[in-house]
Amino acid sequence: MSLPRPSKIVCVGRNYVEHARELGNEVPERPLIFLKPPSSLIAGGQPIRLPRQSERVEHEGEIAVVIGRTATDVREEAAWSYVAGIAPLNDVTARDLQKADGQWTRAKGFDTFCPMGKVVPIGEVADRDALEVVCRVNGRERQRGRVGQMAFSIPALLAYVTSVMTLEPGDVLATGTPAGVGPLLPGDVVEVEVVGVGSVSNPVEAR
Ligand code: MG
């Protein structure tokens, strides 16, 4: 299995109302975007390594969109034509460091903090308006969310992000996580599934 080699991984914070609320936040007026470094990417089966600096690392199951052609200032109506495919992604987060820093780069940027599954071509996705993400830890469901619950839709996110920065082929947009985030501990196995698309499963170990 080969991972894409993105020039950047753009992520969206607080894009599901219930998740924003569970962490004591409101859904922002406009998409809240941040970057994860490409060095954080791992494939299914590779271990998520818990850094010594954190006492609270959490899973965030997300639907990832992979870009197919160079995208600058795309219109929302045309946004899907820039998408190569869909993949499951885990936006692993050191929650304590996120709160301590204000900036999210350290909390989101550790090596192994971005498991991503196989990219399924958009033409093979049965219903892109009904995509659903599920996250399980040791087989137990922790999160479930559908694109219809997003504060900002995938086309709206692509229009917003590309009004700021050009997205290149292979770049990844992680579209936010639904409610139910929780801790990962050594020995856990965490799986993110995009229903009907595929899943990515990773063991968790101490660094
Ligand atoms: Mg996230």
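Ligands are counted one by one from 1 in listed order, and the atoms in each one are counted from 1 as well.
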Is it true that [X] and [Y] make a salt bridge, defined as a side-chain N closer than 4.0 Å to a carboxylate O?
X	Y	result
Arg56	Glu58	yes
Glu60	Arg95	yes
Asp91	Lys36	yes

Go through the steps for Arg142 and Arg136 under the test side chain to side chain contact (heavy atoms under 4.5 Å, CB included), then give the verdict.
-> CA-CA 5 Å; Arg142 293 261 191 97; Arg136 301 179 190 89; over 6 Å; no
Suppose we only allow N, O or S atoms; which atom of [X] ends up nearest to the Mg ion (ligand 1)?
X	result
Asp91	OD2
Glu62	OE2
Glu60	OE1

